[in-house]
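Please read the structure below before turning to the comments.
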Amino acid sequence: MEIQALDEKKESGVQRAPFSFLDLNAQFAEIREEVLAAVNQVLENQVFILGPEVDALERELKDYLQCRFALGCASGSDAILLALMALDLRPGDEVITTPFTFVATAGSIARLGARPIFVDIDPKTYNIDAHKIEAAISSRTRAIMPVHLFGLAADMDRIAKIAATHNLPVIEDAAQAVGARYNNMPVGNSGSLGCFSFFPSKNLGGAGDGGLITANDAALAARIKILRVHGSRTKYSYELLGMNSRLDALQAAILRVKLRHLDGWTRARQANAERYQRLFQEYAIDRYIGLPSTPGDRSHVFNQFVIRSKKRDALRQHLAHSGIPTEVYYPTPLHLQPAFANLKYSEGDFPEAETASKEVLALPIFPELTEEQQVSVVEAIAGFYDGKS
Ligand SMILES: *Cc1c(COP(=O)(O)O)cnc(C)c1O
């Protein structure tokens, strides 16, 4: 495969260094000194679990996300779990969500013995199709959980209206969408609770696992604060059945450094996305490829830049041979995963999610991606279609 990639480069007369799908080293090089100083400070303090660094990060993120409460926890998956626990989700309850997402969205529902009720997606935004939510509501429905997939907010106005009509809380899975806006407000704030992830590949990524829950309701926030420390408000007294899910001070210190750079990185991602859009037009391949579209009431933060192709697998293989890294998010929708077989869904239940899973292809979009690298991506895609059409 590498030899073939070299051959192709020789053919096109261009010699390019290989690059990765997500280059975290490039980001680290930019903030190295700041990060090392922050880590050093934590080591000097020897306070590792919650504490002043986590308090400071929570204050900064509460302001950044324009919500009343922001609470750190051990991961994005735990953020969802804690949000559902705070709402006292019980076995037999139902939560409406999308089948086209990372496993943790529905997995957290199922882990509490509740049932994920899937609703198909809008093929343009890849987010839950809000027009189809109402038909999925039953007497057992306890919450609606939209996901802001790839960094683009779901149809929150419509979802909020449906939720209000049926008196249901909305939990936003904003793991991929920190800083994304809907009606000019940051996501994680329009629902009852918002869940964020600091997994290293997210737009605000730590040096390991981490997560955050946002809330505007003081009672819910208080419950989450207790639930993340074993259900305890005062030492060795347990009010609720909680868990151990806290954010480390080391993560918080690093995330505080990165938060200062986040808007700049987001703008770089958005600029890269615009450049892809231009290049796809210039190379006249936008007719073969479905490009991301952003409704006017939202801003996209491009955790992923996802295109669609009817020949996705062949295209992906061609790109791999040309040294272009790509990923598929997600190759199998959750309703067809063995882990959710007990829900008794079958192929054909959510046709838009199923088609998307066969057609989507994520291209490199990280902030430090260069113009030359983007040109090489689009050239390689053009090469595929020149040869095929
Ligand atoms: C990453 C992610 C999560 C889980 O976050 P972790 O921090 O990895 O546990 C949940 N939902 C979505 C949509 C994600 O992308």
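Order of listing sets the numbers, starting from 1, for every ligand and every atom in it. For clarity, every value in this text was computed on a predicted model and none was experimentally measured.
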* Should the pair Asp155-Arg158 be classified as a salt bridge under the 4.0 Å nitrogen-to-oxygen rule? -> yes
* To do: Taking the six-membered ring for Trp and the single ring otherwise, decide whether the centroids of Tyr345 and Phe340 are under 6.0 Å apart.
  => no
* With a 6.0 Å cut-off on ring centres, are Phe150 and Tyr126 close enough? -> yes
* Salt-bridge test for Arg256 and Glu53: reply yes if a basic N is under 4.0 Å from a carboxylate O, no otherwise. => yes
* Is there a donor-acceptor pair closer than 3.5 Å between any side-chain N or O of Arg140 and the backbone N or O of Asp93? -> no
Please tabulate, one line per pair, the protein nitrogen or oxygen atoms found under 3.5 angstrom from a nitrogen or oxygen of ligand 1, with distances to 0.1 Å, or say none if there are no such pairs.
from: ligand 1; atom 1: 5 (O); to: Ser197; atom 2: OG; distance (Å): 3.3
from: ligand 1; atom 1: 7 (O); to: Gly76; atom 2: N; distance (Å): 2.7
from: ligand 1; atom 1: 7 (O); to: Ser197; atom 2: OG; distance (Å): 2.6
from: ligand 1; atom 1: 9 (O); to: Gly76; atom 2: N; distance (Å): 3.4
from: ligand 1; atom 1: 9 (O); to: Ser77; atom 2: N; distance (Å): 2.8
from: ligand 1; atom 1: 9 (O); to: Ser77; atom 2: OG; distance (Å): 2.5
from: ligand 1; atom 1: 11 (N); to: Asp173; atom 2: OD1; distance (Å): 3.3
from: ligand 1; atom 1: 11 (N); to: Asp173; atom 2: OD2; distance (Å): 2.7
from: ligand 1; atom 1: 15 (O); to: Gln176; atom 2: NE2; distance (Å): 2.7
from: ligand 1; atom 1: 15 (O); to: Lys202; atom 2: NZ; distance (Å): 3.0

* Short side-chain to backbone donor-acceptor contact, Asp173 and His148, under 3.5 Å -> no
